[in-house]
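This report refers to the structure that appears directly beneath it.
Numbered from 1 within each chain, the chains take letters A, B, ... in sequence-line order. Only heavy atoms go into these numbers, but all of them, side chains included; no hydrogens, no water, no symmetry mates.
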Amino acid sequence: MTAVMQIRDLHLRFPTGRSLADFVTGRPGREVKALNGVDLDLKRGETLGVVGESGCGKSTLARCIVRLHTPSEGSIEFEGQDIFGKASRDDRSYYRRVQMMFQDPYSSLNPRMTTGQILTEALKVHNMRPEADIPARVAELLDLVRLPQDAQGKLPHEFSGGQRQRIAIARALAVEPEVLIADELVSALDVSVQAQVVNLLLELQQELGLTILFVAHDLRLVRHVSNRVAVIYLGRIVEIGDSETLFSAPSHPYSQALLSAAPSLNPDNRGAVTRLEGELPSPLNMPKGCPFHIRCRHANDVCRKDVPALQPFEGRGEVACHHVKEINAYA
Amino acid sequence: MSMEDQKPILEVNELNTTFHRNGRALPAVRDVSFSVARGEVLGLVGESGSGKSVTLRSIIGLARRYGDVTGQVRWKGSDLVAMPDRVLRHKQGREIAMIFQEPMTSLNPLLTVGLQLEESLRAHTDLQRKARHDRAVEMLDLVGIPSAAQRLKDYPHQFSGGMRQRVMIAIALAANPKLLLADEPTTALDVTIQAQILDLILRLAQDMDMGVVLVTHDLGVVAQTCDNLAVMYAGRIVEQGPVRDVLRAPGHPYTVGLMRSVPENLPPRTPLSSVPGVPPSLDALPTGCVFAPRCSSCIEPCLQDRPALTLITDRRQVACFNPVTNAKGNVA
Amino acid sequence: MSDAVFTPSQPSRIRLALRKPGFVVGILIIGFSVMLALFPGIFAPYDPNAIDYLAVRQPPSWTHPFGTDLLGRDSLSRVIWAYQVNMQMAVLATVFALVIGVVVGALVGYYRGIADLIFGRVVDAVITFPFLVLVIAVVAVLGPGLINMYIAITLVGWVYYARLMRAEVIAQMGNDYAAAGIVMGYSDRRIIFRHLLPNAITPVIVYWMTDMALAILLGSSLGYLGLGAQPPQSEWGVLIAEGRNFISTAWWLSLMPGIAIVLTGLGFSLLGDGLADLLRPRG
């Protein structure tokens, strides 16, 4: 499998509260470091899951890929073309190939446009079909996402959350993209509806040969839909690898803790978990060294000083941890 | 912990809550009955619109401001539903405490955490100034907030989401209540923080010998924390019983569907079994069983009559004419 | 109670809005005012400029319900003919400010950056002065008269619309449908005018209604001061000014146009409140 999307050393810093006095004196303002050197390849046809807790940078990463944020450093290449390069920065045809779906089904659709108008607009702007064929294509798209035809004349508020996400999927698919970025696509939905939308996404991927970046905080979901998974902590990938391997035998202490914190349906599993102490440090003042060392029970002086690099570990994928060997030796 | 032979402290009988919108009656809660014993954690599970939160709010008297509440809520020999507001207010916070989903909005952003804690203590206890301060420090300490004495002077925004929920719990439990109503207390939190907060609630329930009603949409949370479980759908309890029994062999098709929607112990990238359709709108409930239109084991009587909760084993109740036998959820 | 599913099948919005008596009264007042402004000849019993020296300053009677003025002209007819000028004032003094303000506000709110910083300073500069003082200053430069008054009010007034629009567009940008528009590869123009504007404009429309009432007040004030409409034109401010020296002997001269001002202002306010409910998106 070849990489369609190559993300290299991506950094994103948001300035916060730089006062006028700071401008005058040239003092740099405080910065939120949302991404701190992310390297990631998205391979054609795969589903790459990105998991992490809120504020870890996973949504920021997704938004960088569709140029809703501009990175401070690093590059994102789509088929060898830097998407932030001079030539391609304003190229809107990029969005015919890479599409995104958003988390909140109540804000991602224009409340004043009917489903039919939303889909027609997408088809027209990108000249996807000759004018006369557009109504037929709209009908086709609704079929594709299993919505009834009478949905065309309805406004978003007339739909449930799950149906709205179907409309959002249909809108994204209207331009026949190759890559779909799904940012917490189902996390606002009820469990039984989540399952419907996840099934739809998997079916569509098969049918249309899509490449999907699936960003979510729900580990069970990510495990279920992904071929590969990247675990993000404080703007860095701490572990990446084959989904089944990573979930059945996580190597990074953070992945391990994250996994064991997810509540299992089996009541007999109670207590057999490693609880993670403390909370996510503020991205305003990042810890030195390994971003995880404050909460890690294996941390020592090395961890407090040096940032571990992402390195292959025993054929299990790549892990960014100084002590990965010891930890997994007696695990 | 065994809860057999334990006398329940809270008994809810035939609770009904109806809201009115644009001249239409919306049956938000129908015929809900359950009980909670000291030290017991009861999980109330359901999707949005199932009436689980409204049930909680009906117990503590919040729902009566917006709608009609009938039935009985037996608490310490009296009935909370029939109780006048003035008397009920005396129970709220002192004997029965409630915590909410959003720790951001449930705290007053303009007052220090210490003031809010002491306010709760002043309202619900007879402690003097000095004793209140000591108790406030003790409570923050109890809920696991480091350097509690200093943090009393901090404002809510100086705490993280998880810490704020701890503060909420400290405020709720300051007066030593005997029942805690928790409305999705961990839904807004990350999994690692959720695990910490759930641990905390469990530990406090045991230490303080307190009953807990935990409202959640996450069956996993119930599996990991609750003793008993009641599954709600469209305002009704469709199944209830001990957590282990229900999750091992769910009897109601909706419970089965809910469990199977969770991708756990399934081959990856296979279709999840989902419950087709969406929950009915409260003003257009089907005539028979409320779940019938989405149910795969629907039979003739389901379309005419509403099944009542009936015992299927010694401790388990299911409201279904055609309950699922030996269904396996995803529990291995 | 976030948790209850409520029905999407509600009675239509217009019908709901029409249940509010205030909105209905507002529609009636403004509807009737518009009729008077369009067809004063039909409603006015006399020629507003017909002088009758035999019937000077007569109190209200059956033949002259609002009495007559110092030249014997019928006050009712003059108040009715004034609707033409004053309603025109409500529209012309505000509509250009509305359009400019909406466009500038939407652009500045969408692009932010340096334009937004400059706009912020303009707003600061304009709102530091009372509205009336600024308008009078501009009229003083341009010279009195209706047209110059419209120009003056527009020059100052657009800032208020733009400020409101900018804030509303920025708030709407927080919704993912705006981000979705960008990701769909839509042009900025489409996102701003087709997606953001219809969702952001409601408070601006509501403000427009109250602003029309204010424009009538302002126009009348300028007319009263002699900076707006010029006599012998029938205009409420001019009419009030004409009656000001006779307030104790011929009170009707100032009172009747005053009532017309209050009533129209009330009508616009009620209409604005009703529209606010009607235009708010659902869901």
Heavy atoms only, distances under 4.5 angstrom: which of B:V278, B:V222, B:I193 has the most pairs with chain A? Name it, please.
B:I193
I need the residue from B:M163, B:Q194, B:R294, B:R244 with the largest number of non-hydrogen atom pairs under 4.5 Å to chain A.
B:R244
A:S243 versus chain B, heavy atoms under 4.5 Å apart: side chain, backbone, both or neither?
neither
Below 4.5 Å from any heavy atom of chain B, which atoms of A:Q206 appear? Answer side chain, backbone, both or neither.
neither
Under the ring-ring contact (aromatic ring centres under 6.0 Å, His included) test, which residues partner A:F102, sequence neighbours left out?
none
Under 4.5 Å from any heavy atom of chain A, what part of B:T270 do you find: side chain, backbone, both or neither?
both
Does any backbone or side-chain atom of B:P146 lie under 4.5 Å from a heavy atom of chain A? Answer side chain, backbone, both or neither.
neither
Can you tell me which of A:S226, A:A195, A:S192, A:G162 forms the most heavy-atom pairs within a distance under 4.5 Å of chain B?
A:S192
For B:H217, the side chain to side chain donor-acceptor pair (under 3.5 Å) test, sequence neighbours excluded, returns B:E184
For A:Q163, enumerate each residue passing the side-chain contact (heavy atoms from CB on, under 4.5 Å) test, keeping only those at least two apart in sequence or located in another chain.
A:L147, A:F159, A:S160
Are there residues of residues 179-188 of chain A whose heavy atoms fall under 4.5 Å of chain B's heavy atoms? If so, which?
none
Is it the case that the side chain of B:Q224 and the backbone of A:D268 share a donor-acceptor pair, with hydrogens and angles ignored and the cut-off at 3.5 Å?
no
Measure the spacing between CG of A:D190 and OG of B:S50 and express it to the nearest 0.5 Å.
8.0 Å
